[in-house]
2 protein chains.
Amino acid sequence: MALRHAVLAALLDGELSGYQLAKAFDVGVANFWYAQPQQLYAELTRLQQQGLVAGREVVQESRPNKRLFHVTDAGLAELEDFTAASARPVFVRDDLMVKVQAADSVDTATLIDQLTERAEIARARIELFEALLRRLRGDRSEEDFLRHGDRIGPYLTCLRGIAFEQENRDWCLRTVAVLEERRHTRARN
Amino acid sequence: MALRHAVLAALLDGELSGYQLAKAFDVGVANFWYAQPQQLYAELTRLQQQGLVAGREVVQESRPNKRLFHVTDAGLAELEDFTAASARPVFVRDDLMVKVQAADSVDTATLIDQLTERAEIARARIELFEALLRRLRGDRSEEDFLRHGDRIGPYLTCLRGIAFEQENRDWCLRTVAVLEERRHTRARN
DNA sequence: GTTACCATGTAAAGAGTTACATGATTTG
DNA sequence: CAAATCATGTAACTCTTTACATGGTAAC
């Protein structure tokens, strides 16, 4: 059960409604996990039943009412246990990689398009993440912030998000370059 | 359905038994996907029923008999379709990131251990992947191989595997450094 | 007026993990 | 004699995705 803990970790930053949480997870600005709104609403309900989060109804006039959730002491204890338990390494698991693996046997035209598009998406995310980093550290330098800041978890995970997307972008562009050169070479022969 | 295509792509390199396939997926040497043996046996059966792969029984004396599978023309066509369809971007989704996100609120001792261990695993995988790259390109230079080699798909995915693991390792080590320094700083105050 | 945003869900299907099962051979 | 390798699966469970569903307000 990983989503549970991702939700708990996300709620450490303060009270959030399901909708706000969904936005954070959706943009990937949460950058350490991704989940869809439906999952989050369901998970919040479960977590509340188990007493790991508590919600309070906020009545709004010009908008639908919402429930704001925060982590309870039991939730914190659960996170503590989770952190102490060991985690297995992860793999990339990307459809694009499967396609590239098969690149020698299939038409590469659309593949090149997809890689280019993916590089662009990665670029956009890097920008987004970098803006988030700046916001998190305020006017401090990164080094200073990481040494003395109160809440560095999100900053550290965001650093990884950026590194991942950079690697992503660079690999896509490199692969496009290789595939395109081969197309031209073949065309000439 | 993603595993289907990963299996098809993996079988492009030649006939494999379920067991051999499982080893490739397990080590992650397939490096573009990961799956467990049970999944693979089930998937091979399904693929065979759908005519996307064909198997032949190989009778062995000192070992149990095995079934060697290869991709059929229908399988190739399926891969072609899959490649043409668009793929959604991926996220990292790593328990370790969830833990780091919560690092300000939980005990970091075991977390530091886990990050260190993960860095070591990443280092080992990088070595493994680099050996695989050397084997794939033979005595050619990377540039030459990527320009004129017959089968570059696995090479390109392996490049990404390495980049991913490097990023992984570096982030873990950086995070450990940050967390450790904060422990010491706090201890002093 | 149409699109985007706020706000919350249910239901079903698909994918992946974990646990359980078996049994022979080879290597140390 | 124990551990690793070869070889193949089933069953139950959890997690994720996709599709469906509703309804008001704000902005262009």
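Source: prediction; values computed, not measured. Below, chain A is the first sequence line, B the second, and so on; all start at residue 1.
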- prompt: Which one, D/dC6, D/dG24, D/dT18, comes nearest to the side chain of B/R88?
  reply: D/dT18
C/dT10 OP1/OP2 closer than 4.0 Å to side-chain N/O of A/Q38: no
field: Donor on one side chain, acceptor on other, A/Y34 and B/R93, under 3.5 Å
entry: no
query: Are B/T108 and B/R183 close enough that a side-chain donor and a side-chain acceptor fall under 3.5 Å?
result: yes
Nucleotide nearest B/Y41 when distance is taken to its side chain, options C/dA7, D/dT18, D/dA7: D/dA7
field: Whole angstrom value for the distance that separates C1' of D/dT14 from NE2 of A/H5
entry: 14 Å
Neighbour count >12 (heavy atoms, 6.0 Å) for atom CD, B/E143: no
- prompt: What is the distance, rounded to the nearest whole Å, between atom CG of A/L16 and atom C1' of C/dT8?
  reply: 16 Å
- request: Would you please classify the geometry between the B/F145 ring and the B/Y155 ring as parallel, tilted or perpendicular, with 30° and 60° separating the classes?
  value: tilted
- prompt: Atom CG of B/L44 and atom P of D/dA7: how far apart are they, to the nearest Å?
  reply: 14 Å
- prompt: Looking only at side-chain N and O atoms, does A/K23 come under 4.0 Å of OP1 or OP2 in C/dA7?
  reply: no
Over-ring placement of A/K99 relative to B/F82, 6.0 Å and 45° cut-offs: yes
task: Answer yes or no: does a side-chain N or O of B/S62 lie under 4.0 Å from OP1 or OP2 of C/dA24?
output: no
Atom-to-atom span, CZ of B/R4 to C1' of C/dA13 - whole angstrom: 15 Å
message: Return whichever of A/L3 or B/K66 has its heavy-atom-nearest nucleotide of DNA chain D closer to the 5' end.
response: B/K66
message: Please report the distance, rounded to the nearest Å, between CD in A/Q39 and P in C/dA13.
response: 18 Å
task: May I have the distance from A/L68 (atom CG) to C/dC6 (atom P), rounded to whole angstrom?
output: 14 Å
query: How many Å lie between CD on A/Q36 and C1' on C/dT10, as a whole number?
result: 15 Å
field: Side chain of B/Y34 - closest among D/dA7, D/dT18, C/dT17
entry: C/dT17
message: Please determine whether a side-chain nitrogen or oxygen atom of B/R46 lies at a distance below 4.0 Å from atom OP1 or OP2 of C/dG14.
response: no
field: Below 4.0 Å: OP1/OP2 of D/dC6 and any side-chain N or O of B/Q60
entry: no
Spacing between A/Y19 atom OH and D/dG23 atom P, to the nearest angstrom: 18 Å
query: Looking at D/dA7, C/dT18, C/dA7, which one has an atom nearest to any side-chain atom of B/P64?
result: D/dA7
- prompt: Nearest nucleotide by nearest heavy atom, which residue falls closer to the 5' end of DNA chain D, B/A42 or A/A35?
  reply: B/A42
